[in-house]
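Heads up, the thing below is written out as structure tokens.
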Amino acid sequence: MVSFSDNTSLSCPNNPSQAPKFANTFTTRIFSDVAGDITITVDGESFLLHKFPLVSRSGKIRKMVADGKDYNVSKLELVNFPGGPHTFELAMKFCYGMNFEITATNAALLRCAAEYLEMSEDYREENLIARTEVYLNDVVVQSLEKCVEVLCTCENLPPIVEELGIINTCVEAIAMNACKEQLVSGLSTLDCNGESTELKTGCMEWWIEDLSVLRIDYYHKVITSMARIGVRPDSIVESLMHYAQISLKSIGKCQIWNPARLNSNSGTTENEQKTIVEALVNLLPTLKSSNVPLSFLFGMLRMAIMVEATVACRLELERRIAFRLEMASLDDLLIPSLRAGDSLFDIDTVHRILVNFLQQIEDEENEDSGGYESDGLASLGHGSLLKVGRLIDSYLAEIAPDPYLSLQKFIAMIETLPDYARVIDDGLYRAIDIYLKAHPMLSDHECKKLCKFIDCQKLSQEATNHAAQNERLPVQMAIKVLYFEQLRLKNALCGSSGDGFLSQKISSGVPSAAMSPRDNYASLRRENRELKLEISRMRVRLSELEKEQVVMKRGMMEKSGNGKTFFTSLSKGIGRIGIFSVPGGGKR
């Protein structure tokens with residue numbers, strides 16, 4: 001490797017009468033009596049040089065001089081020279097035998113310049129092509145930092161840098177070095193458990209930080225190579241998150257809520273951000289290989305909507321979010337809408353995510369249709385569905401006050417979720433009540449259409465009392481609530497709470513002999529789901545009764561010790577409720 005440094009310039013001065021700045025002692029000794037006989041122009045900058053040292057190493061200059069009308073040609077122009085005048089000056093120093101240092105900053109530039117000038121072994125041994133190749137293959141590939149630095153210099157070079165294989169060499173070297181660091185951290189984990197976490201984190205952070213300076217196309221190549229070689233998916237996800245944070249930080253919350261600010265930027269910036277978002281989504285590991293944080297997926301989805309990414313990009317993010325929707329929070333679902341005249345929140349995106357989630361639940365059930373599933377798997381799927389049900393009810397209550405939210409979209413969100421996803425309908429009732437309060441101009445028909453989704457049998461005691469006195473509900477709804485409340489009290493007094501309902505459900509769910517085995521199994525699965533839902537409801541009722549019992553015990557303890565007073569009041573209370581009991585109940 002050439003390791004000497006020389007800052008002497010070969011550029012011709014503006015004043016022709018002045019001598020060129022070419023005063024190295026070695027060249028002065030050889031060319032002290034020889035004036036420059038050729039002027040080479042590179043990107044508008046001229047260099048006064050000598051033919052002999054140039055034609056002895058550069059095949060291109062030799063051909064250009066030989067192709068001239070006579071050998072005394074004195075002016076040449078090099079068009080589209082890689083690296084510009086500065087790189088050409090370094091190449092000329094090499095031709096003159098002047099010492100300078102090849103570094104990671106100029107190695108790719110010199111390699112492309114040497115290829116342009118045809119400085120191969122055909123003209124001189126250890127020519128510039130060979131020297132730069134040795135440096136790239138023996139020095140650069142051993143260091144991840146040097147590879148990244150070389151790739152950064154390749155961004156402004158012509159396509160010849162891709163043809164020479166410099167980019168692929170650096171990409172593979174980065175992936176290999178990162179894999180070595182992963183192995184080292186793994187061995188350190190075996191050696192010392194106490195310090196393994198800190199060492200592992202430190203090893204990941206330094207190369208993740210280095211990769212964030214790469215252009216998105218080079219970064220895409222590097223991450224693809226890492227995934228192929230075997231770098232941990234979690235490390236790749238961490239790198240993607242850091243790269244997104246660095247490269248997309250210009251899109252802030254103010255721009256998400258005010259898209260006009262983004263439109264003020266140049267079109268090139270918008271296209272770059274769109275390319276970055278789509279590339280990062282394409283680089284996400286598979287769903288089963290790594291757990292990508294939901295906050296990052298929702299953030300990328302907001303970015304994708306903001307920069308108007310492709311439909312395939314947004315659908316992929318929605319599919320990944322739906323895979324773990326039960327772990328999402330309410331704030332995650334509150335995606336702002338960017339369309340003018342629409343609701344404040346993007347209801348359509350959340351609706352698609354919910355549909356994907358339900359489709360995945362159905363696909364998992366169909367996979368187990370060949371035999372009866374275990375209770376563990378069934379309870380796990382049903383538990384996720386109940387979590388999503390509570391989440392969607394909270395989401396409906398949050399978006400209900402929006403005056404621009406249409407009834408059609410609100411109903412679409414309600415009816416997408418199946419009935420068995422809710423143990424109680426208190427959350428749904430609250431959301432509908434908020435919507436009715438925020439939209440007082442709804443007609444009676446629209447109110448009835450909305451309230452029909454409330455199952456009065458699935459309302460708690462508190463919600464029932466509120467609904468019975470709610471003037472915003474249709475009259476038929478209030479009567480229905482009172483009827484089921486009386487029916488509940490009657491069943492409670494008769495000691496048959498839920499038995500009739502359960503027997504009715506079971507009798508209606510008995511499969512017919514004329515049904516196919518597949519239909520019989522589907523009917524049994526549906527009946528099993530309904531039974532589990534009813535058990536959950538009974539647990540809620542039991543919890544309410546236990547609370548009432550605690551209140552009654554506290555009242556007994558607070559009273560003076562007069563047992564007759566307590567039992568007299570209790571008998572009077574039962575007598576008042578006796579209007580819902582069966583005939584002959586007084587005798588009993």
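Computed from a predicted structure; not experimentally measured. Numbers here are sequence positions counted from 1. The figures that follow rest on heavy atoms only: side chains count, while hydrogens, waters and symmetry mates do not.
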**Asked** What's the verdict on salt bridge (charged side-chain N to carboxylate O under 4.0 Å, His left out) for Asp348 and Arg339, showing C-alpha distance, side-chain angles and the deciding distance?
**Response** CA-CA 12 Å; Asp348 297 333; Arg339 288 178 292 185; 2.9 Å; yes
**Where Met119 and Cys95 come nearest, the two heavy atoms and their spacing** = CE-SG, 3.5 Å
**Complete:** Contacts of Phe81 meeting ring pair (Phe, Tyr, Trp, His ring centres under 6.0 Å) (sequence neighbours excluded), chain-then-number -> Phe88, Tyr116
**Message:** Under a 3.5 Å distance rule, please check whether Asn177 uses its side chain to pair with a backbone N or O of Ala173 as donor and acceptor.
**Reply:** yes
**Message:** To check you understand the geometry: which heavy-atom pair defines the closest contact between Cys147 and Val141, and what is its length?
**Reply:** SG-CA, 3.8 Å
**Complete:** Heavy atoms of Leu280 and Tyr219 approach each other most closely as CD2-CE2, 3.9 Å
**salt bridge (Lys or Arg N to Asp or Glu O under 4.0 Å) partners for Glu316, two or more places apart** = Arg319, Arg320
**Asked** Hey, which of Arg57, Lys63, Lys60 is the one that makes salt bridge (Lys or Arg N to Asp or Glu O under 4.0 Å) with Glu118?
**Response** Lys63
**Request:** Please check if the side chain of Ser394 supplies one atom and the backbone of Arg390 the other of a donor-acceptor pair under 3.5 Å.
**Result:** yes
**Asked** Between Gln142 and Asp138, is a side-chain hydrogen bond (donor to acceptor under 3.5 Å, both in side chains) present by the stated rule, with each step listed?
**Response** CA-CA 7 Å; Gln142 303 299 327; Asp138 294 349; over 6 Å; no
**Item:** Side-chain heavy-atom pair Glu145, Val148 within 4.5 angstrom cut-off
**Value:** no
**Fill in**
Here the pair of heavy atoms bringing Val150 nearest to Thr153 is O-OG1, 2.5 Å
**Asked** Do Ile347 and Tyr395 have side chains that get closer than 4.5 Å, going by heavy atoms?
**Response** yes
**Message:** Determine whether a donor-acceptor pair (N or O, by modelled atom type, separation under 3.5 Å) exists between the side chain of Asp346 and the backbone of Ile335.
**Reply:** no
**Message:** Looking at Arg314 and Ala309, would you say the former's side chain and the latter's main chain have a donor-acceptor pair under 3.5 Å?
**Reply:** yes
**Request:** For Gly230 and Gln182, work out which heavy atoms get closest and say how close.
**Result:** O-NE2, 3.3 Å
**Item:** Criterion side chain to side chain contact (heavy atoms under 4.5 Å, CB included) against Leu214, the qualifying member of Asp210, Ile216, Leu211
**Value:** Leu211
**Asked** Does Arg62 have any salt bridge (Lys or Arg N to Asp or Glu O under 4.0 Å) partners at least two apart in sequence or in another chain, and if so, which?
**Response** none
**Message:** If I compare all heavy atoms of Pro85 with all of Asp43, which pair ends up nearest, and what's the gap?
**Reply:** CD-OD2, 3.8 Å
**Asked** Is any side-chain heavy atom of Phe100 closer than 4.5 Å to a side-chain heavy atom of Leu110?
**Response** yes
